[in-house]
Amino acid sequence: MGGYAGLTSRGQLTIPKKVRDELSLKAGDTIGWTVMDGLLIGTPRNLEFADLAGFLGDPPGGPATLKEIDAVVRDAVGRHVVGQYDERKDTE
């Protein structure tokens with residue numbers, strides 16, 4: 001799904017209706033914008049965190065405990081603080 005939008009002199013875009021309908025966008029919704037490899041990527045921010053529950057299915061090793069989650073977060077924050085954080089490693 002795609003479409004074209006013209007940029008106004010005020011820097012505004014109108015998202016095509018088909019795209020808005022596909023993404024369930026409505027007036028007042030927020031879209032996060034990112035530029036990656038010369039492409040403009042818009043991500044709707046109209047979901048609540050709870051809406052994502054179960055989105056990826058069950059974890060392969062079963063649900064993690066709070067203790068396990070805390071340990072992973074603590075490790076990631078520690079690596080980030082000392083400059084050893086590598087996003088590619090954490091997304092593999």
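Just so it is clear, the structure is predicted and the values come from calculations on it, not from any experiment.
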Visitor: With a 4.5 Å cut-off on side-chain heavy-atom distances among I, L, V, M, F, W and Y, is there a chain of contacts connecting W33 to L25?
Guide: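 Yes; L25 is reachable from W33 via cluster members.
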Visitor: May I have the step-by-step check of salt bridge (Lys or Arg N to Asp or Glu O under 4.0 Å) for D29 and K26, ending in yes or no?
Guide: CA-CA 6 Å; D29 283 346; K26 60 190 178 310; 3.3 Å; yes
Visitor: How would you list, by chain and number, every residue that makes a side-chain contact (heavy atoms from CB on, under 4.5 Å) with E22, sequence neighbours excluded?
Guide: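 In terms of side-chain contact (heavy atoms from CB on, under 4.5 Å), with neighbours along the sequence ignored, E22 is linked to M1.
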Visitor: So does K67 pair up with D70, basic N to acidic O under 4.0 Å?
Guide: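 Here K67 does not pair with D70 in a salt bridge, since their nearest N and O are not under 4.0 Å apart.
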Visitor: What are the two closest non-hydrogen atoms of T14 and R20, and how far apart are they?
Guide: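 Taking every non-hydrogen atom into account, CG2-NH1, 4.1 Å.
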Visitor: Between L23 and P44, which heavy-atom pair has the shortest distance, and what is it?
Guide: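 It is CD1-CG, 3.9 Å.
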Visitor: Can you get from V35 to I15 by hopping between Ile, Leu, Val, Met, Phe, Trp and Tyr side chains that sit under 4.5 Å apart?
Guide: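 Shared cluster, yes.
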Visitor: Which heavy atom in Y4 sits nearest to a heavy atom in P16, and how many Å separate them?
Guide: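 Where Y4 meets P16 most closely, the heavy atoms are O-CG, 3.4 Å.
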Visitor: Going hydrophobic residue to hydrophobic residue with side-chain gaps under 4.5 angstrom, can you get from L40 over to V19?
Guide: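 Yes, L40 and V19 fall within the same hydrophobic cluster.
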Visitor: Could you tell me whether L66 atom CG has more than 12 heavy atoms of other residues or ligands within 6.0 Å of it?
Guide: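 Open: at most 12 neighbouring heavy atoms sit under 6.0 Å from CG of L66.
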Visitor: Is any side-chain heavy atom of V72 less than 4.5 Å from a side-chain heavy atom of E68?
Guide: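 Sidechains of E68 and V72: no contact.
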